[in-house]
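First listed ligand is number 1; within each ligand, the first listed atom is number 1.
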Amino acid sequence: TTVSVSATASHAIPTTLFGQMFEDINSGDGGLYAEMLQNRAFQQVTPGTSDALDFWSAIAGANIAVIADPKPVSDALPNSLQVSVPGKSTTAGFANSGFWGINVNSSWTYTASFYYKFPTSSSQSVKFTVELRSASGKTLASSATTASGTATTWKQVQLTLKPTTSAPDVNNQFVVLVQPSGSATTTVDFAMFSLFPPTFKGRSNGMRMDIAETLVEMGPKFFRFPGGNNLEVRPSCRGQTTATRWQWNATVGSLLDRPGRVGDWGYVNTDGLGLLEYLQFFEDADMEPIMAVWSGYSLGGTSLPENELAPYIQQSIDQACYDLCCSASGHLSLYALDQLHYSRSSQGYRSPGALRASLGHPEPFTLNYVEIGNEDFFAADTYPYRFQDFVGNLSKAFPQLTFIATSDVGDPTLTPTPQAYDVHVYQTPGWFAQNVFSYDSFARDGQKYFEGEYAAISTNANDLFGTPSDGRLTFPTMQSSSGEAAFMTGLERNSDIVFAASYAPLLQHVNSTQWTPDLVSFDAGSVVRSTSFYTQKLFATNQGDEFMPSTLPNQNGTVFWSISRLTSTLEVIIKIANSGNSSAQLAFALPFSDVASSGTLQLLTGAETASNTPEAPNTVVPKTSTITTGKTIDYTAPAFSVSIIRVVAS
Ligand SMILES: O=S(=O)(O)O[C@H]1C[C@H](O)[C@@H](O)[C@@H]1CO
């Protein structure tokens with residue numbers, strides 16, 4: 001096939017085209033958020049039930065129980081761990097097993113923290129020895145402090161741990177030994193444990209380095225958060241009500257003030273990963289938020305009636321005006337923000353940025369995109385008033401924001417007309433290769449689109465969300481990743497109306513999974529970059545700034561391409577997806593008089609069912625080489641491959 005490339009670009013490619021979609025689905029606590037202890041503050045558990053002590057165990061004769069503390073460490077954290085040990089014991093205590101393990105690295109300095117009090121005062125002292133200990137009982141790191149038995153009010157212990165050696169695997173535990181000086185049985189209350197490794201950019205309460213670095217390596221330019229379903233309420237889970245939706249103000253400030261919530265994916269979210277942590281991460285990773293606000297619909301349940309929306313709209317305004325929008329470029333005058341704070345903030349007047357500054361970030365964050373709800377096509381009957389009321393109020397306060405609707409495109413009719421729609425699709429690899437042109441026929445009427453969630457998840461079109469035995473993918477394969485790449489060439493061609501696109505879900509803890517396949521998989525100690533991760537990385541890190549039309553691929557074929565130009569380096573960038581099982585010979589005829597005689601090729605290719613897995617993380621990785629180029633570039637795209645050719649031409 002000869003592909004003639006136009007000399008004239010058709011449109012600018014938005015810098016936001018490729019990014020990431022995130023929610024806490026096998027991915028936040030125990031994943032991106034660096035806290036290493038699971039059930040660290042006994043949030044949202046019922047004392048005396050079995051799950052209250054999940055991931056905690058007694059050691060050598062200690063008695064441990066989660067209690068509703070009559071004098072809790074904070075209103076948000078009503079439960080404590082009550083520990084009783086025999087007098088003069090030196091070995092009794094308790095342990096936490098982490099998120100299916102703890103990574104002990106001798107080059108790291110860990111910070112351990114907890115609060116304690118004695119329910120009854122005593123004259124004796126008690127030594128606390130904190131350890132990182134292998135499952136076989138070897139002490140890898142140890143640090144101690146001594147407490148006075150007269151401490152009947154909460155006190156915080158903060159210790160650093162430096163392992164003497166790295167553990168060979170993640171089968172390690174966090175241990176606290178309680179060693180009374182006296183001979184009497186001793187009871188101590190504990191709360192709000194925490195064990196942190198070094199974090200991405202050294203941020204306190206920050207992100208796990210290897211996972212954050214992997215996400216940044218992909219080259220994302222936006223990050224949709226906090227959901228996805230996890231933004232919402234799923235009444236079926238433990239009788240949840242509107243009150244358990246994601247609420248930004250429950251996720252900021254001291255960890256003692258964050259109650260956590262039962263998330264939509266079957267586990268408690270600590271909300272240690274909160275609005276400020278998200279925003280700081282985006283800033284550190286050079287990407288911008290697409291922030292969703294809860295829109296009054298509870299999954300599989302009811303929508304709030306219109307006359308009950310006001311407080312939730314205000315909260316979303318608070319969320320949006322959490323001093324985000326007076327961005328450095330002055331999108332929003334401080335006056336309007338003052339007025340907004342003054343008129344709407346439940347905390348009464350506070351100067352713009354006061355809360356933000358108090359949390360250590362005086363400079364404003366960037367916020368350009370707010371999404372109203374998630375997948376509100378499930379509640380299309382009520383979305384018209386919900387969308388109208390949220391956007392009506394938010395746009396008055398933040399005229400510079402772009403609002404994204406989550407119902408089906410154009411159905412129902414929405415007022416105001418949404419600036420963008422968030423389109424989701426989970427399908428077979430074949431579907432993606434057959435729908436590369438799905439946006440070509442869309443009207444160019446100013447309407448923009450956000451392909452907010454897409455992934456090839458099953459080879460079975462009749463049971464897409466089924467089990468692996470029914471065709472569901474447990475990890476991406478070269479068949480699914482090359483199908484997605486084909487579809488992504490269409491997104492790039494239509495990037496005059498598609499401003500952003502993200503694969504979903506982003507992350508998977510392999511020991512606790514609610515959804516497969518995922519872009520990046522991990523356990524307590526390692527990260528696996530899937531073949532689809534590499535597809536996303538190849539597209540996102542080889543972005544041109546303008547699209548170059550060319551001979552269109554055969555819509556019914558399996559080989560697709562997209563050509564762009566990076567004006568800053570005069571490079572032509574050719575992306576080729578071969579989603580079929582045979583190689584394809586292509587000849588690209590460039591319209592430039594001066595084309596370099598050699599260019600670079602980045603090639604991802606492997607067998608149809610090849611996957612990167614924890615057992616074989618590098619089965620398929622991109623390989624970079626030099627290829628001969630010229631006014632005509634001959635290239636054979638291997639079966640099941642993604643190819644990126646870059647060549648300087650002018
Ligand atoms: O069951 S689904 O609705 O398909 O769930 C999907 C869609 C939802 O936005 C996201 O949270 C989830 C997995 O990425």
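Residue contacts with ligand 1 for W265 involve side-chain atoms from C-beta outward but no N, CA, C or O (heavy atoms, distance under 4.0 Å). Only the side chain of N374 comes within contact range of ligand 1, with a heavy atom under 4.0 Å; no backbone atom does. Residue M21 does not touch ligand 1, judged by heavy-atom distances below 4.0 Å.
The shortest N/O to N/O separation between N230 and ligand 1 does not fall below 3.5 Å. Remark: ligand 1 and Y426 share an N or O pair separated by less than 3.5 Å (distance only, no angle test). Checking only distances, R224 never comes within under 3.5 Å of ligand 1, N or O to N or O.
Taking each heavy atom of P416 and V391 in turn, the nearest pair found is CG-CG1, 3.7 Å.
Not a single heavy atom of G227 lies less than 4.0 angstrom from ligand 1.
The side-chain tip of R493 points at the ring of F437 from less than 6.0 angstrom away and within 45° of straight on.
The aromatic ring centres of F499 and Y369 sit less than 6.0 Å apart.
Using bins of under 30°, 30° to 60° and over 60° for the plane-to-plane angle, the ring pair F487/Y454 lands in the tilted bin.
Taking every heavy atom of N229 and a limit of under 4.0 angstrom, the matching atoms of ligand 1 come to 1 (O), 2 (S), 3 (O), 5 (O), 8 (C), 9 (O), 10 (C), 11 (O). Below 4.0 Å from some heavy atom of G228 lie the following atoms of ligand 1, by number and element: 9 (O), 11 (O). Short contacts between ligand 1 and E23, defined as distances under 4.0 Å to a heavy atom of the residue, involve ligand atoms 10 (C), 11 (O), 12 (C), 14 (O). In the vicinity of P505, heavy-atom distances shorter than 4.0 Å reach the ligand 1 atoms 14 (O).
Of the options D24, N269, D264, a side chain to side chain donor-acceptor pair (under 3.5 Å) to N230 is made by N269 and by none of the others.
Judged by distance alone, the side chains of R444 and N494 do bring a donor and an acceptor atom under 3.5 Å apart.
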With side-chain contact (heavy atoms from CB on, under 4.5 Å) as the test, would you mind laying out the steps for Y421 and L414 before giving the verdict?
CA-CA 11 Å; Y421 276 98; L414 298 177; 3.9 Å; yes
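Taken from CG in D271 to CG in D29, the straight-line distance is 7.5 Å, to the nearest 0.5 Å.
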